[in-house]
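Working notes, beginning with the structure itself.
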Amino acid sequence: MARAPSSILIFLLRNHRAWQNPNTQIRYLTTETKDSDFTEISQQICKIIRTKPRWEQTLPSDYPSFNFTDPQFFTELLKHQRNVFFSLRFFFWLSSQNGFLPNPVSCNALFTALVEAKAYNAAKLLLGHTGFSPDPASLESYIGCLCEGGYAQEAVDAFYRLKGAGVCLSIMTWNAALSGCLKVGRTDIIWILYQEMIECGVAADVETVGYLIQALCVDNNVLKGYELLRQVLVDGLVPGKAAFNKLISGFCKEKNYTRVSELLHIMISKNHDPDNYTYQEVINWLCKKGKGREGLRGFNDLKDRGYAPDIVMYTTMIHGLCTMDYIGEARKLWFEMIEKGYRPNEYTYNTMILGFCKIGSFEEAKILYKEMCDRGYKETTVSYNAMMRGLCLHGRTDEAYGLFTEMPHKGIVRDLITYNTLIQGFCKEGKIVESTNLFRDLLTQGFQPSTYTYTPLIERLCQVGAVQEAKSLWNDMKNRGLESTFGTQDYIIIGLCDQGDAAEGMEWFLDMLKRQVIHWKNTYVILWSISLAGRTTISLKHV
DNA sequence: ATAGGGTTAG
């Protein structure tokens, strides 16, 4: 039995400041009492680990007789510690002490606290470190938590852990999982999970269907998504707007405007009025698929019907007009947007600046560029790329290259598009040495070249008679699994023929036929080159 | 949730 701490107690009670000091209290409680009051001590320890930076080193030597490794003590501490990371740190400290056996109760309590704090990484760390089995309820909210944070793969792992324990998820968690996978574009996992869901015998609800439809759209399976929608509509279920919007966007991409308008009608009839998100996608894809005029008409119709386009819609429309080089119209919308009270943002500025650059109005572009900076928007890779692209389009590659060299000094990162823009610009001007130097530089920097990188290089090399180099670039491109654009192969054939190698030209041509990548516009030129080079008549028997 | 930068023929 411990000594009755009467003298110390009397001292402490008389000395208010000493009693306020947690160290003193602990020393009293741990050395002078046997039946340790865990509640009191843990409250004090909480204070210490919160305020004292190197408590791990001082705690044991300061209080040699207290048994910190009693699991009951840790459970008590957890109750009082608001900041779960302090508890975690304490837990790992305990684990390093001899004699502490993390018991399932404290592990589970800590795990639950971490999950509640949405500290998925820490929760995962704890799981991996201790290998304990959390109770199903915590594990289930852990799965929901992982999905929310975009950790789809980890969620699946946790799911199989639960499944192994014979527990099945509630529909809420299934939906959270599907939604989480959708957010990070992991449709592959969605289909696995959905299969599992069916096997568990959990009935999909209307929310589930919404996610499935969206997943089908992401997989470019819009028609299947549409069929699923029709099917559930018959059953009286109406998925949320997001599913409709994805379907509409998907059909726009496929230029299936009949379905688009049908879906818009369904939305209205089901009290899902199409919103800015819906229309923005329609206009976006109309512009991207070369129907900018229709896009503009739709945009104006919407305004006539009382819809108020938001800044994103305005930006989309301005961008569409700029791609068609209708800069005047774009500028009109720009001012209309400002009149309506929207301030141009980074996206709007970059779009408009590129528009001006493309038509060679560099003065206007520079004024806007300055305005953008004055408004506090930073210069970015995108804004630099836009200026460089404009300059390249107008034969001012030297100025573009000047910007390129300036970028690192301003701390602006160059990316693949930066390189591609310049490579294309130099190629266009026949500056093949500069282009290939940039290409080499790009590889040294560790970028993965894209089709946009190779195409201008191959074409220009062929034109200057360096067909061998062009062919090696072609192989390089193919080895990276990149698809060539229509027309690139034509240059190689014509280049080969210019060198008098009709036979190999023919080989390449037959290869194109086999792969059905013929660009019929150039076929006549190709056949003509081959026959000129080989002085033979090409008959379609070869085909 | 939504928007911005890189292919194409004289």
Side-chain angles (χ1 to χ4, degrees), chain A residues 179 182-185 210-211 214 217-218 240-246 248-249 274-285 287-288 290 309-320 322-323 330 333 337 342 344-355 357-358 365 368 372 377 379-393 400 403 412-425 427-428 438 442 447 449-460 462-463 477 482-491 494 519-526:
Chain A
S179 154
L182 195 60
K183 239 181 267 167
V184 291
Y211 297 133
Q214 291 182 65
C217 291
V218 172
K241 266 190 195 180
F244 280 95
N245 287 348
K246 270 266 164 52
I248 287 173
S249 162
D275 52 17
N276 273 339
Y277 295 113
T278 321
Y279 289 126
Q280 190 267 327
E281 278 294 276
V282 176
I283 289 167
N284 191 8
W285 282 107
C287 291
K288 287 217 168 95
D310 60 2
I311 179 114
V312 180
M313 270 261 256
Y314 270 107
T315 308
T316 306
M317 197 62 248
I318 289 171
H319 176 245
C322 285
T323 35
L333 272 191
M337 181 186 83
Y342 295 114
N345 62 22
E346 208 183 326
Y347 291 91
T348 330
Y349 273 114
N350 281 325
T351 299
M352 197 71 233
I353 288 168
L354 181 65
C357 287
K358 271 173 54 192
L368 266 189
M372 175 180 83
Y377 296 110
E379 295 183 283
T380 58
T381 309
V382 176
S383 72
Y384 259 79
N385 287 352
M387 292 293 272
M388 283 161 48
R389 167 122 175 94
L391 290 166
C392 284
L393 280 174
L403 292 180
I412 298 164
V413 181
R414 297 164 177 164
D415 66 5
L416 184 61
I417 297 180
T418 315
Y419 279 95
N420 289 352
T421 305
L422 267 187
I423 287 173
Q424 194 205 3
C427 281
K428 223 176 211 153
L438 277 172
L442 171 159
F447 287 109
S450 66
T451 308
Y452 298 108
T453 321
Y454 287 103
T455 307
L457 281 168
I458 292 173
E459 291 180 1
R460 185 47 90 172
C462 288
Q463 283 171 349
M477 177 171 79
L482 296 169
E483 262 320 304
S484 54
T485 35
F486 280 134
T488 309
Q489 214 165 342
D490 301 5
Y491 283 87
I494 295 165
H519 194 210
W520 290 107
K521 259 192 193 166
N522 277 342
T523 309
Y524 174 73
V525 183
I526 291 172

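Throughout, protein chains are lettered first and strands after them, A, B, ... in sequence-line order, and every chain is numbered starting at 1. Please read these numbers as outputs of a predicted model, since none were measured by experiment.
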### Query
A:N385 versus A:V382: any side-chain heavy-atom pair under 4.5 Å?
no

### Query
Are the side chains of A:N245 and A:E281 in touch, meaning some heavy atoms are under 4.5 Å apart?
no

Nearest whole angstrom, please: distance from the [atom2] of [N] to the [atom1] of [X].
X	N	atom1	atom2	result
A:N420	B:dG6	CG	P	11 Å
A:I494	B:dG10	CD1	P	12 Å
A:Y347	B:dT2	OH	P	8 Å
A:D275	B:dT2	CG	P	13 Å
A:I423	B:dG6	CD1	C1'	10 Å
A:K358	B:dG5	NZ	P	9 Å
A:D310	B:dA3	CG	P	11 Å
A:D490	B:dG10	CG	P	14 Å

### Summary
Here the pair of heavy atoms bringing A:A400 nearest to A:L422 is CB-CD2, 3.8 Å

### Query
If you take all heavy atoms of A:I412 and A:T381, which pair is closest and at what distance?
CG2-N, 3.6 Å

### side chain to side chain contact (heavy atoms under 4.5 Å, CB included) involving A:L182 - partner list, sequence neighbours excluded
A:I190, A:Y211, A:Q214, A:A215, A:V218

Side chain of [X] - closest among [options]:
X	options	result
A:K428	B:dT2, B:dG6, B:dT8	B:dT8
A:T316	B:dA3, B:dA1, B:dG5	B:dA3
A:T451	B:dA9, B:dG5, B:dT7	B:dT7
A:T421	B:dT7, B:dG5, B:dG6	B:dG6
A:T418	B:dT7, B:dG5, B:dA3	B:dG5
A:E281	B:dG5, B:dT7, B:dT2	B:dT2

Would you classify [X] as touching base, sugar-phosphate or nothing, given that sugar-phosphate means primed atoms plus P, OP1 and OP2, and contacts are heavy atoms under 4.0 Å?
X	result
A:I353	nothing
A:T381	base
A:S383	nothing

### Task
Would you indicate, yes or no, if B:dA1 has its OP1 or OP2 atom less than 4.0 angstrom from a side-chain nitrogen or oxygen of A:Q214?
no

### Message
Can you tell me if A:R389 touches the phosphate of B:dG6, counting only side-chain N or O atoms and a distance under 4.0 Å to OP1 or OP2?
### Response
yes

### Message
Which residues pass the ring pair (Phe, Tyr, Trp, His ring centres under 6.0 Å) test with A:Y384, not counting sequence neighbours?
### Response
none

Do [X] side-chain and [N] base share a donor-acceptor contact under 3.5 Å?
X	N	result
A:T351	B:dG5	no
A:N345	B:dA3	yes
A:N284	B:dA3	no

